[in-house]
Amino acid sequence: MSKYKLLVILLMGVFLVDSCSENDLELSNPNQLSPDTFFSNESQVQSAINAAYANLQPFGLYGRLMFYMMDNMSHENAGNSQQEGDKVTFADFSFDSSNNQIFDYWDSCYRGINKANFIIGNADKINEISDSELSPARKQKFIGEARFLRAYYYWLLVNRFGGVPIRSGTAEDVPEGSPRSTKAEVINLIVEDLTFASANLLRKSEEDKGRATKGAAQAFLGKVLLYEKEYGAALDAFQAMSGYDLETDYYDNFKEETEHGIESVFEVEYDIALGTGAKWDSPVSGSGPNHATFRGQDYGVLNWFNVYPSDDLVAEFEPGDNRFQGSFYVPGDTYNNGQNTFVADDFAENGGNVRSVAWKKYQNYYKQTDEASESGINVKIIRYSDVLLMMAECENEVGTQADAIGLINRVRTRAGLANLPLNLSKAQVFDAIVHERKVELNGEQVRFDDMIRWGIVASELADTNFQAGKHELWPIPDREISSNANLTSADQNPGY
(Lines give C-alpha, C1' and ligand atoms only; values in the text may rest on other atoms or scores of the structure.)
Protein backbone atom coordinates (compact mmCIF):
# COMPACT_ATOMS: atom_id res chain seq x y z
CA MET A 1 0.00 0.00 0.00
CA SER A 2 1.30 3.46 -0.83
CA LYS A 3 1.88 6.11 1.80
CA TYR A 4 -1.08 7.95 0.26
CA LYS A 5 -3.46 5.04 0.68
CA LEU A 6 -2.30 4.30 4.20
CA LEU A 7 -2.97 7.83 5.36
CA VAL A 8 -6.30 8.12 3.58
CA ILE A 9 -7.49 4.96 5.34
CA LEU A 10 -6.07 6.40 8.55
CA LEU A 11 -8.32 9.41 8.07
CA MET A 12 -11.29 7.06 7.66
CA GLY A 13 -10.39 5.14 10.78
CA VAL A 14 -9.47 7.71 13.37
CA PHE A 15 -12.99 8.87 14.14
CA LEU A 16 -14.21 5.31 14.55
CA VAL A 17 -12.22 4.64 17.70
CA ASP A 18 -10.87 8.04 18.71
CA SER A 19 -10.73 8.20 22.49
CA CYS A 20 -9.94 10.69 25.19
CA SER A 21 -9.68 9.80 28.84
CA GLU A 22 -10.91 6.44 30.11
CA ASN A 23 -14.53 7.55 30.39
CA ASP A 24 -15.29 8.89 26.92
CA LEU A 25 -14.75 6.01 24.49
CA GLU A 26 -18.35 5.44 23.46
CA LEU A 27 -18.01 2.53 21.05
CA SER A 28 -21.60 1.42 21.57
CA ASN A 29 -23.12 4.70 20.47
CA PRO A 30 -26.02 3.67 18.13
CA ASN A 31 -24.98 6.44 15.74
CA GLN A 32 -21.53 4.87 15.35
CA LEU A 33 -20.20 1.44 14.44
CA SER A 34 -20.40 -1.10 17.27
CA PRO A 35 -17.58 -3.54 18.01
CA ASP A 36 -20.25 -6.29 17.84
CA THR A 37 -20.72 -5.67 14.13
CA PHE A 38 -17.63 -3.76 13.10
CA PHE A 39 -14.95 -6.43 12.64
CA SER A 40 -16.47 -8.25 9.70
CA ASN A 41 -13.89 -7.76 6.93
CA GLU A 42 -10.28 -6.79 6.29
CA SER A 43 -11.05 -3.16 5.47
CA GLN A 44 -12.69 -2.60 8.84
CA VAL A 45 -9.83 -4.25 10.70
CA GLN A 46 -7.30 -2.15 8.84
CA SER A 47 -9.22 1.04 9.54
CA ALA A 48 -9.17 0.31 13.26
CA ILE A 49 -5.42 -0.39 13.14
CA ASN A 50 -4.76 2.81 11.24
CA ALA A 51 -6.58 4.78 13.91
CA ALA A 52 -4.07 3.50 16.46
CA TYR A 53 -1.19 4.83 14.36
CA ALA A 54 -2.80 8.27 14.17
CA ASN A 55 -2.00 9.31 17.72
CA LEU A 56 1.69 9.47 16.93
CA GLN A 57 1.05 12.37 14.53
CA PRO A 58 -0.51 15.28 16.49
CA PHE A 59 1.58 18.08 17.95
CA GLY A 60 1.19 16.58 21.43
CA LEU A 61 3.74 13.99 20.31
CA TYR A 62 5.79 13.91 17.10
CA GLY A 63 4.04 16.78 15.37
CA ARG A 64 5.77 19.27 17.63
CA LEU A 65 6.19 18.84 21.38
CA MET A 66 8.34 15.71 21.34
CA PHE A 67 11.22 17.57 19.66
CA TYR A 68 11.26 20.40 22.17
CA MET A 69 10.77 18.19 25.19
CA MET A 70 13.54 15.72 24.50
CA ASP A 71 16.06 17.94 22.67
CA ASN A 72 15.72 20.68 25.28
CA MET A 73 16.08 18.31 28.24
CA SER A 74 19.17 16.72 26.71
CA HIS A 75 20.55 20.20 26.00
CA GLU A 76 21.24 19.30 22.41
CA ASN A 77 19.19 22.45 21.86
CA ALA A 78 20.08 25.94 23.00
CA GLY A 79 17.26 28.45 22.98
CA ASN A 80 16.91 31.79 21.30
CA SER A 81 15.02 34.57 23.05
CA GLN A 82 11.87 34.06 21.00
CA GLN A 83 11.37 30.48 22.21
CA GLU A 84 7.98 30.11 23.90
CA GLY A 85 8.05 29.91 27.68
CA ASP A 86 6.30 26.56 27.88
CA LYS A 87 9.09 25.01 25.79
CA VAL A 88 11.77 26.64 27.93
CA THR A 89 10.47 24.73 30.96
CA PHE A 90 12.04 21.57 29.53
CA ALA A 91 15.45 23.20 29.08
CA ASP A 92 15.55 24.66 32.58
CA PHE A 93 13.68 21.76 34.24
CA SER A 94 11.04 24.06 35.71
CA PHE A 95 8.04 21.95 34.65
CA ASP A 96 5.63 20.69 37.29
CA SER A 97 2.51 18.53 37.49
CA SER A 98 0.32 21.30 36.08
CA ASN A 99 2.30 21.45 32.81
CA ASN A 100 -0.13 21.25 29.88
CA GLN A 101 2.42 19.78 27.46
CA ILE A 102 3.16 16.88 29.81
CA PHE A 103 -0.57 16.19 30.11
CA ASP A 104 -0.93 16.28 26.32
CA TYR A 105 1.89 13.75 26.02
CA TRP A 106 0.21 11.50 28.62
CA ASP A 107 -3.21 11.86 27.02
CA SER A 108 -1.90 11.25 23.49
CA CYS A 109 -0.27 8.01 24.57
CA TYR A 110 -3.34 6.70 26.36
CA ARG A 111 -5.60 7.55 23.44
CA GLY A 112 -3.28 5.47 21.27
CA ILE A 113 -3.37 2.66 23.84
CA ASN A 114 -7.19 2.74 23.93
CA LYS A 115 -7.29 2.43 20.15
CA ALA A 116 -4.82 -0.45 20.17
CA ASN A 117 -6.78 -2.16 22.95
CA PHE A 118 -9.93 -1.91 20.84
CA ILE A 119 -8.27 -4.19 18.27
CA ILE A 120 -6.56 -6.49 20.76
CA GLY A 121 -9.74 -6.85 22.81
CA ASN A 122 -11.65 -7.87 19.69
CA ALA A 123 -9.12 -10.44 18.50
CA ASP A 124 -11.75 -13.18 18.76
CA LYS A 125 -14.06 -11.29 16.40
CA ILE A 126 -11.19 -10.72 13.99
CA ASN A 127 -10.35 -14.41 14.06
CA GLU A 128 -14.00 -15.23 13.30
CA ILE A 129 -13.73 -13.50 9.93
CA SER A 130 -13.75 -16.09 7.15
CA ASP A 131 -10.26 -17.24 6.18
CA SER A 132 -11.26 -16.65 2.57
CA GLU A 133 -11.85 -12.99 3.41
CA LEU A 134 -8.80 -12.59 5.68
CA SER A 135 -6.11 -15.23 5.98
CA PRO A 136 -5.04 -16.43 9.45
CA ALA A 137 -1.58 -14.96 8.90
CA ARG A 138 -2.99 -11.53 8.09
CA LYS A 139 -5.31 -11.66 11.08
CA GLN A 140 -2.31 -12.22 13.33
CA LYS A 141 -0.37 -9.56 11.44
CA PHE A 142 -3.02 -6.94 12.18
CA ILE A 143 -3.21 -7.93 15.85
CA GLY A 144 0.60 -7.77 15.89
CA GLU A 145 0.47 -4.19 14.64
CA ALA A 146 -1.89 -3.25 17.45
CA ARG A 147 0.38 -4.89 20.01
CA PHE A 148 3.45 -3.16 18.55
CA LEU A 149 1.71 0.20 18.83
CA ARG A 150 0.44 -0.46 22.34
CA ALA A 151 3.98 -1.39 23.35
CA TYR A 152 5.35 1.79 21.83
CA TYR A 153 2.86 4.06 23.56
CA TYR A 154 3.60 2.36 26.89
CA TRP A 155 7.32 2.73 26.17
CA LEU A 156 6.85 6.49 25.75
CA LEU A 157 5.02 6.57 29.06
CA VAL A 158 7.27 4.34 31.16
CA ASN A 159 10.42 6.24 30.20
CA ARG A 160 8.94 9.58 31.19
CA PHE A 161 6.84 8.61 34.22
CA GLY A 162 8.10 5.26 35.48
CA GLY A 163 5.25 2.93 36.43
CA VAL A 164 1.91 4.01 34.97
CA PRO A 165 -1.65 2.64 34.96
CA ILE A 166 -1.99 -0.38 32.67
CA ARG A 167 -5.19 -0.31 30.69
CA SER A 168 -5.64 -3.74 29.18
CA GLY A 169 -9.09 -2.94 27.82
CA THR A 170 -10.83 0.10 26.37
CA ALA A 171 -12.08 3.09 28.33
CA GLU A 172 -15.48 1.48 28.73
CA ASP A 173 -13.96 -1.46 30.60
CA VAL A 174 -12.54 0.59 33.49
CA PRO A 175 -14.39 3.92 33.51
CA GLU A 176 -13.16 4.84 36.98
CA GLY A 177 -9.51 4.57 35.93
CA SER A 178 -6.75 2.07 36.61
CA PRO A 179 -4.29 2.06 39.53
CA ARG A 180 -0.62 2.72 38.96
CA SER A 181 1.38 -0.36 37.98
CA THR A 182 5.07 -0.79 38.66
CA LYS A 183 7.66 -0.06 36.01
CA ALA A 184 8.50 -3.77 35.89
CA GLU A 185 4.88 -4.65 35.17
CA VAL A 186 4.72 -2.16 32.33
CA ILE A 187 8.01 -3.42 30.88
CA ASN A 188 6.72 -7.01 31.07
CA LEU A 189 3.65 -6.04 29.04
CA ILE A 190 5.82 -4.23 26.49
CA VAL A 191 8.08 -7.28 26.09
CA GLU A 192 5.07 -9.60 25.73
CA ASP A 193 3.54 -7.38 23.05
CA LEU A 194 6.79 -7.02 21.13
CA THR A 195 7.52 -10.74 21.30
CA PHE A 196 4.11 -11.39 19.74
CA ALA A 197 4.67 -8.66 17.15
CA SER A 198 8.12 -10.00 16.25
CA ALA A 199 6.61 -13.42 15.55
CA ASN A 200 3.62 -12.22 13.53
CA LEU A 201 4.45 -9.01 11.65
CA LEU A 202 5.58 -9.01 8.03
CA ARG A 203 9.11 -8.26 6.91
CA LYS A 204 9.80 -4.77 5.57
CA SER A 205 10.07 -6.08 2.00
CA GLU A 206 6.58 -7.59 2.31
CA GLU A 207 4.77 -4.78 4.14
CA ASP A 208 3.29 -1.47 3.05
CA LYS A 209 5.35 1.59 3.82
CA GLY A 210 4.41 3.24 7.09
CA ARG A 211 3.33 0.09 8.91
CA ALA A 212 5.11 -1.72 11.73
CA THR A 213 7.23 -4.64 10.52
CA LYS A 214 8.98 -7.67 11.94
CA GLY A 215 12.29 -5.81 11.87
CA ALA A 216 10.79 -2.83 13.71
CA ALA A 217 9.43 -5.13 16.44
CA GLN A 218 12.77 -6.94 16.74
CA ALA A 219 14.68 -3.65 16.97
CA PHE A 220 12.27 -2.23 19.51
CA LEU A 221 12.34 -5.45 21.57
CA GLY A 222 16.13 -5.35 21.55
CA LYS A 223 16.08 -1.74 22.70
CA VAL A 224 13.75 -2.50 25.60
CA LEU A 225 15.91 -5.45 26.68
CA LEU A 226 19.06 -3.33 26.39
CA TYR A 227 17.53 -0.72 28.70
CA GLU A 228 16.81 -3.56 31.13
CA LYS A 229 20.47 -4.64 30.88
CA GLU A 230 19.52 -8.02 29.42
CA TYR A 231 22.36 -7.75 26.93
CA GLY A 232 22.39 -11.29 25.57
CA ALA A 233 18.65 -11.35 24.91
CA ALA A 234 18.81 -7.88 23.38
CA LEU A 235 21.60 -8.98 21.06
CA ASP A 236 19.54 -11.99 19.96
CA ALA A 237 16.66 -9.69 19.03
CA PHE A 238 18.90 -7.32 17.07
CA GLN A 239 20.69 -10.15 15.26
CA ALA A 240 17.37 -11.60 14.11
CA MET A 241 16.81 -8.50 11.94
CA SER A 242 17.46 -8.76 8.21
CA GLY A 243 17.20 -6.51 5.15
CA TYR A 244 18.69 -3.34 6.69
CA ASP A 245 21.88 -1.40 6.07
CA LEU A 246 23.23 2.15 6.28
CA GLU A 247 22.34 4.78 3.71
CA THR A 248 25.35 5.82 1.66
CA ASP A 249 24.57 9.47 2.42
CA TYR A 250 23.81 10.19 6.09
CA TYR A 251 21.58 13.14 5.17
CA ASP A 252 19.24 10.93 3.13
CA ASN A 253 17.74 9.84 6.45
CA PHE A 254 16.19 13.27 6.93
CA LYS A 255 14.71 14.23 3.54
CA GLU A 256 11.20 13.66 2.27
CA GLU A 257 12.16 12.06 -1.04
CA THR A 258 14.28 9.35 0.62
CA GLU A 259 11.86 8.17 3.28
CA HIS A 260 11.61 4.44 4.07
CA GLY A 261 15.12 3.81 2.81
CA ILE A 262 17.30 0.83 3.67
CA GLU A 263 18.29 2.38 7.02
CA SER A 264 14.76 3.15 8.16
CA VAL A 265 13.35 0.71 10.73
CA PHE A 266 10.26 2.63 11.85
CA GLU A 267 9.04 6.15 11.18
CA VAL A 268 5.99 8.32 11.83
CA GLU A 269 4.18 9.29 8.63
CA TYR A 270 3.48 12.84 7.44
CA ASP A 271 2.32 14.07 4.02
CA ILE A 272 1.02 17.61 3.73
CA ALA A 273 -0.48 16.79 0.33
CA LEU A 274 -3.12 14.77 2.18
CA GLY A 275 -4.32 17.80 4.12
CA THR A 276 -3.36 19.68 7.24
CA GLY A 277 -6.61 21.36 8.16
CA ALA A 278 -6.71 19.76 11.61
CA LYS A 279 -3.07 20.42 12.47
CA TRP A 280 -3.88 22.87 15.29
CA ASP A 281 -7.28 21.41 16.24
CA SER A 282 -6.06 19.17 19.03
CA PRO A 283 -2.65 18.12 20.32
CA VAL A 284 -3.99 14.69 21.21
CA SER A 285 -6.97 13.46 19.19
CA GLY A 286 -5.25 12.07 16.10
CA SER A 287 -8.28 12.78 13.92
CA GLY A 288 -8.88 14.78 10.77
CA PRO A 289 -6.29 15.93 8.19
CA ASN A 290 -3.34 16.15 10.53
CA HIS A 291 -0.37 15.32 8.32
CA ALA A 292 2.06 18.09 9.24
CA THR A 293 4.98 18.31 11.61
CA PHE A 294 6.17 21.71 12.79
CA ARG A 295 9.82 20.96 13.43
CA GLY A 296 10.86 22.77 10.25
CA GLN A 297 9.12 25.99 11.22
CA ASP A 298 10.10 25.82 14.89
CA TYR A 299 13.77 24.96 14.37
CA GLY A 300 14.20 26.74 11.04
CA VAL A 301 16.96 29.34 10.88
CA LEU A 302 15.04 31.40 8.30
CA ASN A 303 11.75 31.00 10.15
CA TRP A 304 11.02 30.94 13.87
CA PHE A 305 14.58 29.87 14.83
CA ASN A 306 13.42 29.15 18.37
CA VAL A 307 16.34 26.82 19.03
CA TYR A 308 19.76 26.03 17.61
CA PRO A 309 22.31 23.26 18.23
CA SER A 310 24.04 23.73 21.57
CA ASP A 311 27.75 24.52 21.77
CA ASP A 312 28.29 21.29 23.70
CA LEU A 313 26.76 19.21 20.89
CA VAL A 314 28.65 21.02 18.14
CA ALA A 315 31.95 20.57 19.99
CA GLU A 316 31.44 16.79 20.13
CA PHE A 317 32.09 16.33 16.40
CA GLU A 318 35.53 15.23 15.26
CA PRO A 319 37.21 17.09 12.39
CA GLY A 320 36.16 15.56 9.08
CA ASP A 321 32.97 13.97 10.43
CA ASN A 322 30.50 14.34 7.54
CA ARG A 323 27.58 14.02 9.96
CA PHE A 324 28.26 17.63 10.91
CA GLN A 325 27.34 18.72 7.38
CA GLY A 326 24.33 16.39 7.45
CA SER A 327 23.07 17.80 10.75
CA PHE A 328 23.76 21.55 10.72
CA TYR A 329 23.81 24.60 8.48
CA VAL A 330 26.59 27.17 8.72
CA PRO A 331 27.07 30.47 6.87
CA GLY A 332 28.24 29.77 3.32
CA ASP A 333 26.10 26.63 2.90
CA THR A 334 23.73 26.61 -0.04
CA TYR A 335 20.02 25.81 0.11
CA ASN A 336 16.95 25.80 -2.18
CA ASN A 337 18.53 23.27 -4.54
CA GLY A 338 21.78 25.21 -4.49
CA GLN A 339 20.23 28.47 -5.69
CA ASN A 340 20.65 30.41 -2.44
CA THR A 341 23.49 30.79 0.08
CA PHE A 342 23.25 31.33 3.83
CA VAL A 343 25.03 34.40 5.17
CA ALA A 344 25.95 35.17 8.76
CA ASP A 345 23.00 37.56 9.25
CA ASP A 346 20.62 34.68 8.50
CA PHE A 347 21.75 33.13 11.79
CA ALA A 348 20.68 36.07 13.96
CA GLU A 349 17.96 35.53 16.56
CA ASN A 350 15.30 38.18 17.19
CA GLY A 351 17.46 39.73 19.88
CA GLY A 352 20.32 40.22 17.46
CA ASN A 353 22.75 37.52 18.59
CA VAL A 354 24.27 35.73 15.60
CA ARG A 355 24.60 31.97 16.00
CA SER A 356 27.34 29.98 14.29
CA VAL A 357 25.18 26.97 13.36
CA ALA A 358 21.53 26.05 12.82
CA TRP A 359 19.63 22.79 12.50
CA LYS A 360 19.57 21.05 9.13
CA LYS A 361 18.03 17.70 10.07
CA TYR A 362 14.36 17.47 9.10
CA GLN A 363 14.47 20.92 7.51
CA ASN A 364 13.02 21.59 4.04
CA TYR A 365 15.53 24.27 3.08
CA TYR A 366 17.45 21.83 0.92
CA LYS A 367 14.65 22.20 -1.65
CA GLN A 368 12.93 25.50 -0.83
CA THR A 369 13.45 28.94 0.71
CA ASP A 370 10.87 28.80 3.49
CA GLU A 371 9.38 26.22 5.83
CA ALA A 372 5.86 27.61 5.22
CA SER A 373 4.73 26.59 8.75
CA GLU A 374 4.40 22.86 8.12
CA SER A 375 6.47 19.93 6.93
CA GLY A 376 5.71 16.53 5.45
CA ILE A 377 9.05 14.93 6.33
CA ASN A 378 8.54 11.70 8.26
CA VAL A 379 10.09 11.32 11.71
CA LYS A 380 12.55 8.45 12.09
CA ILE A 381 11.91 6.58 15.35
CA ILE A 382 14.56 3.90 14.87
CA ARG A 383 17.33 3.84 12.27
CA TYR A 384 19.67 0.95 11.58
CA SER A 385 22.68 2.96 12.72
CA ASP A 386 20.97 3.18 16.11
CA VAL A 387 20.58 -0.60 16.05
CA LEU A 388 24.27 -1.12 15.17
CA LEU A 389 25.35 1.06 18.09
CA MET A 390 22.96 -0.72 20.46
CA MET A 391 24.37 -4.03 19.25
CA ALA A 392 27.86 -2.70 19.91
CA GLU A 393 26.81 -1.84 23.45
CA CYS A 394 25.52 -5.37 23.97
CA GLU A 395 28.68 -6.93 22.53
CA ASN A 396 30.80 -4.77 24.80
CA GLU A 397 28.82 -5.80 27.87
CA VAL A 398 29.00 -9.53 27.11
CA GLY A 399 32.75 -9.26 26.62
CA THR A 400 33.27 -9.31 22.86
CA GLN A 401 34.96 -5.93 22.49
CA ALA A 402 36.38 -6.63 19.02
CA ASP A 403 32.88 -7.31 17.66
CA ALA A 404 31.62 -4.15 19.35
CA ILE A 405 34.37 -2.08 17.74
CA GLY A 406 33.57 -3.58 14.35
CA LEU A 407 29.97 -2.41 14.65
CA ILE A 408 31.05 1.07 15.73
CA ASN A 409 33.43 1.25 12.79
CA ARG A 410 30.60 0.53 10.35
CA VAL A 411 28.93 3.72 11.55
CA ARG A 412 32.20 5.68 11.57
CA THR A 413 33.09 4.59 8.03
CA ARG A 414 29.86 6.11 6.70
CA ALA A 415 30.78 9.28 8.60
CA GLY A 416 34.14 9.44 6.78
CA LEU A 417 36.17 8.78 9.93
CA ALA A 418 39.06 6.43 10.63
CA ASN A 419 38.37 3.07 12.23
CA LEU A 420 38.91 2.62 15.93
CA PRO A 421 41.66 0.11 16.83
CA LEU A 422 40.43 -3.36 17.79
CA ASN A 423 42.38 -3.56 21.05
CA LEU A 424 40.35 -1.04 23.08
CA SER A 425 39.32 -1.92 26.64
CA LYS A 426 35.70 -2.29 27.70
CA ALA A 427 35.75 1.20 29.24
CA GLN A 428 37.24 2.69 26.08
CA VAL A 429 34.62 0.98 23.93
CA PHE A 430 31.87 2.33 26.18
CA ASP A 431 33.26 5.85 25.85
CA ALA A 432 33.35 5.42 22.08
CA ILE A 433 29.69 4.33 22.06
CA VAL A 434 28.67 7.34 24.16
CA HIS A 435 30.43 9.62 21.68
CA GLU A 436 29.08 7.94 18.57
CA ARG A 437 25.49 7.93 19.78
CA LYS A 438 25.73 11.60 20.67
CA VAL A 439 26.84 12.65 17.19
CA GLU A 440 25.12 9.99 15.06
CA LEU A 441 21.70 10.42 16.69
CA ASN A 442 21.85 14.12 17.52
CA GLY A 443 18.47 15.83 17.59
CA GLU A 444 16.64 12.50 17.35
CA GLN A 445 15.27 12.43 20.91
CA VAL A 446 17.43 9.58 22.23
CA ARG A 447 20.23 11.22 24.20
CA PHE A 448 18.30 12.13 27.36
CA ASP A 449 17.26 8.52 27.89
CA ASP A 450 20.75 7.34 26.99
CA MET A 451 22.26 9.56 29.68
CA ILE A 452 19.76 8.30 32.26
CA ARG A 453 20.33 4.61 31.61
CA TRP A 454 24.12 5.09 31.58
CA GLY A 455 24.01 6.94 34.90
CA ILE A 456 25.74 10.04 33.52
CA VAL A 457 22.82 12.45 33.28
CA ALA A 458 23.65 14.40 36.46
CA SER A 459 27.25 15.01 35.44
CA GLU A 460 26.41 15.77 31.80
CA LEU A 461 23.76 18.31 32.85
CA ALA A 462 25.66 19.64 35.86
CA ASP A 463 25.52 23.23 34.60
CA THR A 464 21.71 23.13 34.26
CA ASN A 465 18.86 23.02 36.76
CA PHE A 466 18.60 19.24 36.48
CA GLN A 467 18.07 17.59 39.90
CA ALA A 468 19.16 13.97 40.26
CA GLY A 469 16.43 11.84 41.79
CA LYS A 470 13.71 14.08 40.40
CA HIS A 471 14.08 15.10 36.79
CA GLU A 472 14.81 11.64 35.41
CA LEU A 473 11.00 11.39 35.45
CA TRP A 474 8.17 13.77 34.73
CA PRO A 475 5.36 14.36 37.22
CA ILE A 476 2.10 12.51 36.75
CA PRO A 477 -0.29 15.22 35.52
CA ASP A 478 -2.58 16.79 38.10
CA ARG A 479 -5.52 16.27 35.78
CA GLU A 480 -4.92 12.51 35.74
CA ILE A 481 -4.69 12.30 39.53
CA SER A 482 -7.86 14.34 39.96
CA SER A 483 -9.87 12.35 37.38
CA ASN A 484 -8.62 8.82 38.13
CA ALA A 485 -10.30 7.40 41.22
CA ASN A 486 -7.48 4.88 41.61
CA LEU A 487 -4.68 7.48 41.78
CA THR A 488 -3.86 9.85 44.64
CA SER A 489 -1.16 12.38 45.38
CA ALA A 490 0.73 9.54 47.08
CA ASP A 491 1.29 8.07 43.62
CA GLN A 492 3.14 11.21 42.45
CA ASN A 493 6.78 10.88 41.40
CA PRO A 494 9.48 12.05 43.87
CA GLY A 495 10.09 15.78 44.12
CA TYR A 496 6.82 16.95 42.59
Side-chain angles (χ1 to χ4, degrees), residues 61 65-77 79 86-106 108-110 151-166 180-191 220 223-231 234 310 312-313 381 386 390 393 397 430 433-434 437-438 441-478 480-481 487 489-496:
L61 285 179
L65 293 180
M66 182 73 77
F67 300 117
Y68 279 117
M69 291 169 160
M70 302 306 296
D71 295 345
N72 283 8
M73 288 196 302
S74 68
H75 279 245
E76 294 167 281
N77 273 344
D86 57 4
K87 315 303 186 300
V88 175
T89 62
F90 294 97
D92 64 13
F93 296 96
S94 61
F95 48 78
D96 59 27
S97 56
S98 67
N99 184 283
N100 288 328
Q101 286 72 37
I102 290 176
F103 176 77
D104 288 343
Y105 181 105
W106 174 284
S108 294
C109 290
Y110 273 113
Y152 189 66
Y153 287 119
Y154 273 123
W155 179 246
L156 293 177
L157 288 166
V158 78
N159 281 315
R160 297 281 63 80
F161 300 98
V164 294
I166 290 179
R180 187 175 187 180
S181 297
T182 66
K183 179 180 179 181
E185 289 169 334
V186 180
I187 292 295
N188 286 341
L189 177 60
I190 291 171
V191 170
F220 187 13
K223 182 173 183 175
V224 174
L225 294 171
L226 169 62
Y227 274 49
E228 292 300 297
K229 303 186 186 305
E230 297 181 24
Y231 302 112
S310 68
D312 173 73
L313 175 60
I381 303 302
D386 187 0
M390 289 191 288
E393 194 170 341
E397 292 295 334
F430 174 75
I433 291 168
V434 172
R437 289 185 66 81
K438 185 173 181 178
L441 303 169
N442 71 85
E444 296 182 52
Q445 298 79 60
V446 299
R447 179 156 173 78
F448 188 69
D449 286 332
D450 277 350
M451 291 190 293
I452 290 173
R453 67 188 180 86
W454 290 330
I456 64 173
V457 63
S459 59
E460 289 292 304
L461 299 179
D463 59 347
T464 73
N465 295 323
F466 178 88
Q467 296 179 40
K470 176 180 180 180
H471 291 130
E472 293 89 347
L473 298 176
W474 284 345
I476 295 176
D478 287 340
E480 178 65 21
I481 292 177
L487 288 180
S489 58
D491 293 302
Q492 186 56 272
N493 282 324
Y496 295 104

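- His75 and Phe93 have parallel rings, their planes meeting at less than 30° on a 0 to 90° scale where 60° marks the start of perpendicular.
- Between Arg437 and Asp450 there is a salt bridge, since at least one side-chain N of the basic residue sits less than 4.0 Å from a carboxylate O of the acidic one.
- Phe90 places none of its side-chain heavy atoms less than 4.5 Å from the side chain of His471.
- Using a 3.5 Å distance cut-off with no hydrogens or angles, the side chains of Asp96 and Ser98 do pair a donor with an acceptor.
- In this structure, the separation between CZ on Arg180 and CD on Glu480 is 11.0 Å, given to the nearest 0.5 Å.
- If you check the side chains of Trp454 and Glu460, you find no donor sitting under 3.5 Å from an acceptor.
- Looking at every heavy atom in both residues, Lys438 comes nearest to Leu313 through O-CD1, 3.8 Å.
- To the nearest 0.5 Å, atoms CG (Leu156) and CE (Met66) are separated by 5.0 Å.
- In this model, no donor atom of one side chain and acceptor atom of the other lie less than 3.5 Å apart for Asn465 and Asp92.
- Distance check: Asp449 CG to Ser74 OG gives 10.0 Å after rounding to the nearest 0.5 Å.
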Exercise. Where do Asn493 and Trp474 land on the side chain to side chain contact (heavy atoms under 4.5 Å, CB included) test, with the steps shown first?
Worked result: CA-CA 7 Å; Asn493 282 324; Trp474 284 345; 5.8 Å; no
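- One finds the CG atom of Asn99 at 13.0 Å from the OH atom of Tyr105 (value rounded to the nearest 0.5 Å).
- Using modelled atom types and a 3.5 Å distance limit, the side chains of Asp478 and Ser97 yield a donor-acceptor pair.
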